[in-house]
Amino acid sequence: AIFSIREVRLGLAADVGTLQRFPKLVGFGSRVRELCLTADDFGAEDAFKIGFVSRISNNETGDLIDVANDICRRISRNSPVAVTVTKASLNYSRDHTVAEGLGHVALQNSSSL
């Protein structure tokens, strides 16, 4: 897999949320700044090192679908309500303070009971 943040090479600042979301996912370190400012490609190993992807699958052996299906099976064993609230809380907390995130998850949990 090859990833890039290409807009700067086209004379634009990325304007669809990449510059706001990418650092929140992987941190504001110098590697993120380098990738955003140079428009360099980065591969799966680099994406894994900075936390952009959670794992690397050896696509040559065709295990990509097996890995994805295994993750899906493990998620589906859990309560659908708990999975939904957890996902919503992770997304909410990305853009809010810890206190706001705690309030959000408390409200979501109380409405689920």
Side-chain angles (χ1 to χ4, degrees):
I2 301 295
F3 304 95
S4 69
I5 301 163
R6 208 44 102 196
E7 288 85 349
V8 73
R9 195 172 287 177
L10 303 172
L12 302 167
D15 61 355
V16 293
T18 304
L19 300 177
Q20 293 72 36
R21 292 184 185 103
F22 190 60
K24 287 185 180 187
L25 291 172
V26 301
F28 288 88
S30 62
R31 182 66 175 137
V32 168
R33 291 176 185 278
E34 178 184 338
L35 292 170
C36 292
L37 295 170
T38 63
D40 287 346
D41 293 341
F42 60 104
E45 292 287 335
D46 206 8
F48 180 74
K49 285 179 193 172
I50 65 173
F52 188 56
V53 298
S54 62
R55 65 186 73 220
I56 298 172
S57 177
N58 182 358
N59 201 22
E60 293 176 20
T61 62
D63 71 335
L64 182 60
I65 296 298
D66 292 337
V67 169
N69 284 332
D70 178 58
I71 293 168
C72 290
R73 274 190 295 279
R74 291 180 6 238
I75 292 170
S76 70
R77 289 184 198 135
N78 298 314
S79 158
V81 172
V83 169
T84 300
V85 170
T86 297
K87 184 176 177 183
S89 182
L90 286 168
N91 290 335
Y92 182 89
S93 295
R94 179 181 55 217
D95 299 321
H96 294 84
T97 67
V98 171
E100 291 168 332
L102 289 169
H104 178 264
V105 74
L107 177 64
Q108 295 293 316
N109 277 340
S110 66
S111 68
S112 299
L113 297 177

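For this chain, numbers begin at 1 and follow the sequence in order.
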Sequence neighbours left out, what passes side chain to side chain contact (heavy atoms under 4.5 Å, CB included) with [X]? Give chain and number order.
X	result
T86	L90
T97	A99, E100
D95	K24
F48	V53, I56

Contacts satisfying side chain to side chain donor-acceptor pair (under 3.5 Å) that involve residues 8-20 (not counting sequence neighbours) are none
Using links of under 4.5 Å between side-chain heavy atoms of ILVMFWY residues, direct or through other members, which residues join [X] in one cluster?
X	result
V83	V67, I71, I75
L10	none
V98	L102

Should L25 and L35 be counted in the same cluster of Ile, Leu, Val, Met, Phe, Trp and Tyr side chains packed under 4.5 Å apart? yes
Using 30° and 60° as the class boundaries, would you call the ring planes of F52 and F3 parallel, tilted or perpendicular? perpendicular
Could you tell me which non-hydrogen atom of [X] sits nearest to which non-hydrogen atom of [Y], and how far apart they are?
X	Y	value
C36	I5	SG-CD1, 3.6 Å
A39	V8	CB-CG1, 3.7 Å
G101	S93	CA-OG, 3.6 Å
L19	A14	CD1-O, 3.5 Å

Sorted by chain and residue number, the side-chain hydrogen bond (donor to acceptor under 3.5 Å, both in side chains) partners of D40 (sequence neighbours excluded) come out as T38
Between the main-chain N or O of V85 and the side-chain N or O of S89, is there a donor-acceptor pair closer than 3.5 Å? no
R31 meets the salt bridge (Lys or Arg N to Asp or Glu O under 4.0 Å) criterion, sequence neighbours left out, with E34, D46
Residues at least two apart in sequence or cross-chain that pass salt bridge (Lys or Arg N to Asp or Glu O under 4.0 Å) with R55, listed by chain then number, are none
Residues 70-87 vs salt bridge (Lys or Arg N to Asp or Glu O under 4.0 Å), sequence neighbours excluded, gives D70-R74
Exercise for the section: Assess whether atom CZ of R94 is packed by more than 12 heavy atoms of other residues, nucleotides or ligands within 6.0 Å. Expected result: yes
